[in-house]
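Comments concern the structure below.
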Amino acid sequence: MTLAATAGHPGFLSPNGVEIAFVLVGLATLGAALITVTTKQLVHAALWLVVALGGVAVEYLLLTAEFIAWVQVLIYVGSVVVLLLFGLMLTRAPIGRSPDADSGNRWIALGASLAAAGALVWVVVDAFRTTWIDLDGPAQGSTKASGEFLFRHWVLPFEALSVLLLAALVGAIVISRKDRQDPQGGQGTQDRRGGGGRQGSNGVQGPSGPQGGDDRRERPTVNREDKS
Amino acid sequence: MHLAYPAVLAVLLFCTGLYGVLARRNAILVLMSVELMLNAVNLNLVAFDVWLRDALHSGQALTLFTIAIAAAEIGIGLAIVLAVYRNRGSADIDRLRDTAETDDAETLPDDFDGVAARDTTADQATAPAGKAKKAEATA
């Protein structure tokens, strides 16, 4: 709607095919994002997030950033959403509608986000009213160009990023593993499980007993983190 | 292509994610909204990189770095959420009130179904009990 409202400027009156495609895909992306943040069904939110992220990937393609588009598809749609779905499953998210998906300050959040959207759209449209992107010529984000600028000018940050990913991998495994067994035969672990059960939710422990479920629950958690 | 199209789309995506971060209660839904905000920033970076025709292509390189850091962030974030869920039996961020300092904040609101047994009228009596309970669940 806001995109249509900005059509009063002279440059918007003759959109070419790329702009029309961009606006249509953008509307689909925005709609999917809105459903993601408003739906009551947690799994549906993750699945609509796939649509939103895929729409952003198509926008990258329209902006001639091909390599980033495929990286987006691989990493976001391929691994981040899968991680989110695993997280939803491991926290035993309800399959149906969950009435407490939104917190009590929903209207404050709506007001804040609408105010931010209004202010930012106003500023951005006013600032870039007479600016055009020249999409002609060779694609600026093709795989060849990406490899050249990434491994010619950005090698050191790239390698530092691999160290960061390794640290994140190790950190995720350390955080999500079970507590170490005490030398006295895991007495502390049992106490902790009892405390968690008393906290108010019965969904912490599986159908198996506290002792039997200990090892069985550790391995899928560690395997899941390997994907990140 | 007019530069306002990707810029406005990025703004709207960012504000959608902002609403999700502020309004959602489940921690995993908050992480999804954070992903939306990161994608809005990435879209801005790519659009301005293509517009400026930077020789170093800083925008696209930073977009790749942002995507990688977002993947690391979602892994760590989900690990923390799972650890909290394992200790507390709940991933609702409204219930994580350990750093609340006043007695008023120690008692949970009425509308939490799981802990409805707590008496909210006797603040002074329940606050130490709540602290003890939290310490037990956190340790």
Side-chain angles (χ1 to χ4, degrees), chain A residues 3 11 18-19 22 26 30 33-34 36-37 45 49 56 59-60 63 65 68 71 75 80 83-84 87-88 90-91 100-103 106 109-110 112-113 116-117 120-121 124-125 128 131-133 135 140-141 149-150 153-154 161 165 168 171-172 175-176 195-196 199-201 203-204 225 228, chain B residues 1-9 11-13 15-16 18-20 22-26 28-29 31-33 35-36 39 43 46-47 50-51 53 56-57 60-61 63-65 67-72 74-76 78-83 85-91 94 114-115 136-137:
Chain A
L3 287 175
V18 177
E19 288 181 339
F22 194 94
L30 194 61
L34 284 174
T36 300
V37 297
L49 187 66
V56 174
E59 306 282 36
Y60 291 155
L63 285 170
I68 292 181
V71 166
I75 294 188
V80 167
L83 270 180
L84 285 170
L88 283 177
L90 289 174
T91 56
D100 59 346
D102 288 337
S103 70
R106 183 187 317 135
L110 187 64
S113 59
L120 283 172
V121 165
V124 160
V125 169
F128 302 111
T131 313
W132 274 266
I133 302 175
L135 289 177
Q140 300 187 52
F149 72 74
L150 200 59
H153 305 292
W154 296 91
L161 196 67
L165 280 178
I175 290 175
S176 66
Q199 180 65 16
S201 163
V204 186
E225 294 305 331
S228 73
Chain B
M1 181 188 293
H2 207 289
L3 184 59
Y5 286 127
V8 169
L9 178 63
V11 162
L12 294 179
L13 271 181
C15 292
T16 307
L18 180 68
Y19 169 77
L22 292 178
R24 286 301 203 177
R25 177 174 283 168
N26 193 316
I28 297 180
L29 292 177
L31 284 176
M32 289 185 201
S33 307
E35 294 301 312
L36 278 179
N39 267 281
L43 189 61
V46 169
V50 174
W51 172 48
R53 291 184 173 274
L56 292 181
H57 283 291
Q60 297 194 25
T63 303
L64 288 174
F65 295 158
I67 289 175
I69 291 174
I74 204 76
I76 295 286
L78 279 177
I80 293 174
V81 168
L82 286 182
Y85 178 80
R86 197 182 296 138
N87 278 330
R88 305 297 187 86
S90 161
D94 286 4
V115 283
E136 178 182 277

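Numbered from 1 within each chain, the chains take letters A, B, ... in sequence-line order.
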Sort B:V11 into side chain, backbone, both or neither according to what part of it lies under 4.5 angstrom from a heavy atom of chain A. side chain
For A:L63, is it the side chain, the backbone, both, or neither that has a heavy atom closer than 4.5 Å to a heavy atom of chain B? both
Relative to chain B, which of A:A112, A:A117, A:A65 shows the most heavy atom pairs under 4.5 Å? A:A117
Inter-residue atom distance B:L36.CG - A:T36.OG1, 0.5 Å rounding: 6.0 Å
Do the rings of B:Y5 and A:F22 sit parallel, tilted or perpendicular, given the 30° and 60° boundaries? tilted
Chain B heavy atoms under 4.5 Å from A:V124: which part of the residue, side chain, backbone, both or neither? side chain
Contacting moiety of A:I75, where chain B heavy atoms sit under 4.5 Å: side chain
A:S103: which residues meet the side-chain hydrogen bond (donor to acceptor under 3.5 Å, both in side chains) condition with it, sequence neighbours left out? A:N105
Using 0.5 Å steps for rounding, measure from the CD1 atom of B:I76 to the CD1 atom of A:I175. 5.0 Å
Could you please spell out the steps behind the side-chain contact (heavy atoms from CB on, under 4.5 Å) verdict for B:R25 and A:D102? CA-CA 5 Å; B:R25 177 174 283 168; A:D102 288 337; over 6 Å; no
Scanning both residues in full, the closest heavy-atom pair of A:S176 with B:R86 reads O-NH2, 3.0 Å
Distance in Å, B:H57 NE2 paired with A:H153 NE2, rounded so as to fall on 0.5 Å steps: 8.5 Å
Heavy-atom closest pair, residues B:V8 and A:V125: CG2-CG2, 3.5 Å
Using every non-hydrogen atom in the two residues, find where B:L29 and A:A45 come nearest and quote the distance to one decimal. CD2-CB, 3.7 Å
With only heavy atoms counted, which part of A:L110 is less than 4.5 Å from chain B, the side chain, the backbone, both or neither? both
Is there a side-chain contact between A:V121 and B:C15 in this structure, where contact means two heavy atoms from C-beta onward sitting under 4.5 Å apart? no
With a 4.5 angstrom heavy-atom cut-off, is it the side chain or the backbone of A:L150 that approaches chain B, or both, or neither? side chain
Heavy-atom pair count under 4.5 Å with chain A, highest-scoring of B:E35, B:Q60, B:R24: B:R24
With rounding to the nearest 0.5 Å, note down the distance linking NE2 in B:H2 to CD in A:E19. 7.5 Å
Nearest heavy atoms of A:L165 and B:A72, plus distance in Å: CD2-CB, 4.0 Å
Considering all heavy atoms, the nearest B:M32-A:L84 contact: CG-CD1, 3.6 Å
Below 4.5 Å, heavy-atom pairs only: which of A:V56, A:V80, A:I68 has the largest tally toward chain B? A:I68
Do you know which of B:A83, B:A7, B:A61 has the most heavy-atom pairs under 4.5 Å to chain A? B:A61
Taking B:L31, B:V46, B:L18 one by one, which has the highest count of heavy-atom pairs under 4.5 Å against chain A? B:V46
Please round to the nearest 0.5 Å and tell me the distance separating atom CG of B:L64 and atom CH2 of A:W154. 10.5 Å
Where on B:L56 is there a heavy atom nearer than 4.5 Å to chain A: the side chain, the backbone, both, or neither? both
I'd like to verify something: which residue of B:L13, B:V81, B:N26 has the highest number of heavy-atom pairs under 4.5 Å with chain A? B:L13
Shortest non-hydrogen contact from A:L161 toward B:A68: CD2-CB, 3.3 Å
